[in-house]
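What follows is one structure encoded as structure tokens, with my remarks underneath.
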Amino acid sequence: QAQLVESGGGSVQAGGSLRLSCGGSGYSYSSGCMGWFRQVPGKEREGVAVIYSKEKTWYAASVKGRFTISQDNANNTLYLQMNSLKPEDTAMYYCAGRGDASASICYLALTIDTLFNSWGQGTQVTVAS
């Protein structure tokens, strides 16, 4: 079972930027699917972005054009660059992974989080207005 660990969360003013990282051990998703999700207390977890085979990406409409997902297989790390942050981006952010995914599965996984089988513990992002 893969061990995923997020880092990079924190507090920032609206309009600011943060970069989240997700690393760990026991996995190599160079040909699979990884993603970022977020959750606010009392609400369902929502997909933010997913990446397939290091290059094909899909984003939630609410973050498209502001967030960028990328994957560095040299050090087995997933990133989420978040720019132009808004107060509504405040949430706990989680990374997720699935090694045996096709591009179609990865696309669906943005809205069906149960398609991922490995999850991190989360990192808090707070955006002040």
Side-chain angles (χ1 to χ4, degrees):
Q1 187 74 17
Q3 302 290 326
L4 302 178
V5 180
E6 303 93 340
S7 62
S11 297
V12 65
Q13 291 292 116
S17 298
L18 283 173
R19 188 175 81 156
L20 305 183
S21 300
C22 174
S25 61
Y27 75 99
S28 177
Y29 294 141
S30 60
S31 59
C33 181
M34 296 198 78
W36 288 98
F37 289 75
R38 65 187 182 186
Q39 189 170 25
V40 175
K43 292 191 175 182
E44 289 191 359
R45 186 162 55 192
E46 65 170 345
V48 174
V50 295
I51 183 167
Y52 172 72
S53 195
K54 299 185 293 182
E55 58 184 19
K56 199 162 183 62
T57 60
W58 294 275
Y59 295 90
S62 59
V63 306
K64 199 167 185 178
R66 299 188 297 122
F67 291 10
T68 302
I69 188 172
S70 62
Q71 189 174 356
D72 178 357
N73 286 309
N75 55 14
N76 219 21
T77 302
L78 179 73
Y79 300 101
L80 184 69
Q81 178 66 43
M82 305 186 294
N83 298 329
S84 302
L85 282 161
K86 304 175 181 180
E88 52 263 44
D89 295 317
T90 295
M92 184 72 77
Y93 283 71
Y94 300 89
C95 70
R98 175 175 171 146
D100 60 340
S102 65
S104 298
I105 291 292
C106 198
Y107 170 75
L108 290 172
L110 181 61
T111 53
I112 307 174
D113 60 4
T114 52
L115 289 174
F116 284 105
N117 50 29
S118 295
W119 290 87
Q121 295 299 305
T123 186
Q124 178 68 35
V125 171
T126 302
V127 184
S129 57

### Message
Are more than 12 heavy atoms, taken from residues, nucleotides or ligands other than Gln121, located less than 6.0 Å from that residue's CD atom?
### Response
no
### Task
Find out if a path of hydrophobic residues (ILVMFWY) with successive side-chain heavy-atom gaps under 4.5 Å connects Phe37 to Val40.
no
### Task
Measure from the side-chain N and O atoms of Glu6 to the backbone N and O of Thr123, and report whether any donor-acceptor pair falls under 3.5 Å.
no
What donor-acceptor contacts under 3.5 angstrom involve side-chain atoms of residues 12-23, with partners at least two apart or in another chain?
unit_1	atom_1	unit_2	atom_2	d
Ser17	OG	Asn83	OD1	2.9

#### Entry: Trp36 CH2 to Leu110 CG distance, which is reported to the nearest 0.5 Å
14.5 Å
### Shortest non-hydrogen separation from Tyr52 to Cys106 and the atoms involved
CB-SG, 3.7 Å
### Query
Going only through I, L, V, M, F, W and Y residues with side-chain contacts under 4.5 Å, is there a path from Val5 to Tyr79?
no
### Query
Which of parallel (below 30°), tilted (30 to 60°) and perpendicular (above 60°) describes Tyr93 and Phe67?
tilted
### Task
Sorted by first residue and then second, give each salt bridge (Lys or Arg N to Asp or Glu O under 4.0 Å) pair with at least one member in residues 48-62; sequence neighbours left out.
none
### Query
Got a second to check how far Ile105's CD1 is from Tyr107's OH, nearest 0.5 Å?
12.5 Å
### Task
First locate atom OG1 of Thr68, then atom OH of Tyr59, and finally report the distance between them rounded to the nearest 0.5 Å.
4.5 Å
Do any side-chain atoms of residues 42-49 form donor-acceptor pairs under 3.5 angstrom with protein atoms, and if so which ones, sequence neighbours left out?
unit_1	atom_1	unit_2	atom_2	d
Arg45	NE	Asp113	OD2	3.0
Arg45	NH2	Asp113	OD2	3.3
Glu46	OE2	Arg38	NE	2.6
Glu46	OE2	Arg38	NH2	3.2

